[in-house]
Amino acid sequence: MSKIILTGDRPTGRLHVGHYAGSLRGRVALQNSGIYDKIFIMIADAQALTDNAEQPEKVRQNIIEVALDYLSCGLDPEKSTLLIQSQIPELCELSFYYMNLVTVSRLQRNPTVKSEIQMRNFEASIPVGFFTYPISQAADITAFKATTVPVGEDQLPMLEQTKEIVRKFNSIYGDTLVEPEVLLPDNKACLRLPGIDGKAKMSKSLNNCIYLSDTEEEVRKKVMSMFTDPNHLQVSDPGQVEGNPVFIYLDAYCKDEMFAEYLPDYANLEELKAHYTKGGLGDVKVKKFLNNVLQEVLSPIRLKRKEWEKDIPAVYEILRRGSLEAREVASQTLSDVKNSMKINYFDDQALIAKQAEKYAQ
Ligand code: TRP
């Protein structure tokens with residue numbers, strides 16, 4: 001069986017270092033590993049509209065931001081198909097049939113949807129489209145017969161939902177859809193980077209993100225203002241590394257070689273952590289190191305972005321071509337689905353002949 005990747009992001013803002021550590025960096029590595037037959041990366045604008053119906057312009061503007069972030073991180077249109085979700089109408093048709101296989105109570109139990117409803121104060125008035133987006137996400141994944149879905153931890157419930165739909169569909173209508181596997185980052189620190197303010201998640205609305213497209217100075221300022229251990233008041237105080245955002249970012253981003261380059265008093269992160277825990281190591285020193293680490297990661301991304309920004313029409317052309325190619329694949333899956341469901345009346349000569357016979361007497 002071929003190995004196919006599908007993953008994507010909602011275009012509601014520029015992508016940040018949480019996206020990069022959690023998924024983007026891994027995708028580029030998977031792309032370059034050469035072991036996948038096909039890689040589809042989706043800009044999920046239709047899903048973004050499920051909770052932004054009144055801000056279509058925000059979604060529209062962020063499509064190019066996300067595409068630029070993708071390209072500057074090293075996703076290569078020669079190797080990966082970049083597409084825009086709304087340009088594949090087959091996904092809506094698939095969703096409509098999948099909706100019959102999912103109960104309302106099952107959707108209500110989805111932990112990601114639950115917490116998003118809370119975050120958006122949707123409790124009293126959840127848009128139906130938003131409530132059902134896990135079903136539409138199952139359509140995204142199955143339309144491309146994806147075997148592997150590299151995502152962040154918050155997407156696990158979506159993958160569970162997709163697998164249930166696949167199993168149910170195949171058991172009712174016969175083997176048609178492919179059950180996908182989730183791929184999480186190996187490095188646990190990468191599962192969810194906290195905001196620079198120490199809040200559980202980086203989020204545009206909380207204004208606590210470091211963006212891939214931030215300037216060098218913006219990154220430096222953000223790093224130097226980061227929340228650390230609130231009880232580490234004096235340099236001599238023992239500090240805590242668990243739950244300390246500065247150390248979580250280092251866990252996600254620093255490599256031993258970076259110590260030799262920027263902080264040669266320590267051989268690796270373990271030594272730095274031990275000193276911090278014992279006391280006698282100031283936050284400023286650690287933050288300066290983190291800044292160097294992040295700049296090393298981000299500066300090639302920033303440079304590449306500058307290049308692509310000079311040719312925006314080419315970026316749209318990449319998305320247009322990717323969407324066309326993706327549509328062909330999704331259309332084949334939709335046709336398989338309709339055949340399995342036997343709603344392919346006009347292609348079904350046996351059906352027509354049988355009905356004719358029934359009325360022939
Ligand atoms: N729900 C994902 C997010 O919020 C975006 C997304 C849409 C997606 N469709 C997908 C991710 C399919 C993986 C596979 O980031």
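For ligands, and for the atoms within them, numbers begin at 1 and follow the listed sequence.
- For ligand 1 and Asp140, the ligand atoms under 4.0 Å from any heavy atom of the residue are 7 (C), 9 (N), 10 (C).
- Side-chain contact annotation: Thr142 with Tyr98, donor-acceptor N/O pair under 3.5 Å present.
- Those atoms of ligand 1 that come under 4.0 Å of a heavy atom in Thr7, given as number and element, are 13 (C), 14 (C).
- For ligand 1, the polar-atom distance check against Gln155 finds a nitrogen or oxygen pair separated by under 3.5 Å.
- Distances below 4.0 Å separate heavy atoms of Val151 from the following atoms of ligand 1: 13 (C).
- Between the side chains of Asn291 and Gln295, at least one donor N or O sits under 3.5 Å from an acceptor N or O.
- Checked by atom type, the side-chain pair Gln85/Arg10 shows no donor-acceptor distance below 3.5 Å.
- For the residue pair Ser171 and Arg167, no side-chain donor N or O sits within less than 3.5 Å of a side-chain acceptor on the partner.
- Numbered from 1 in the order shown, with element, the atoms of ligand 1 that lie under 4.0 Å from a heavy atom of Ala44 read 7 (C).
- The local environment of CG in Asn207 is sparse, with at most 12 non-hydrogen atoms from other residues, nucleotides or ligands closer than 6.0 Å.
- In this structure, of His19, Met42, Gln47, Arg10, the residue bringing a heavy atom nearest to atom 1 (N) of ligand 1 is Gln47.
- Asp69 and Tyr211 form no side-chain donor-acceptor contact under 3.5 Å, judged by distance and modelled atom types alone.
- The protein atom (non-hydrogen) at minimum distance from atom 8 (C) of ligand 1 is Gln137 NE2, 3.4 Å.
- Side-chain atoms of Tyr276 and Asp229 include no donor-acceptor pair closer than 3.5 Å.
- Residue Leu6 approaches ligand 1 through these ligand atoms, each under 4.0 Å from one of its heavy atoms: 12 (C), 14 (C).
- The distance criterion of under 3.5 Å between nitrogen or oxygen atoms is not met by Gln85 with respect to ligand 1.
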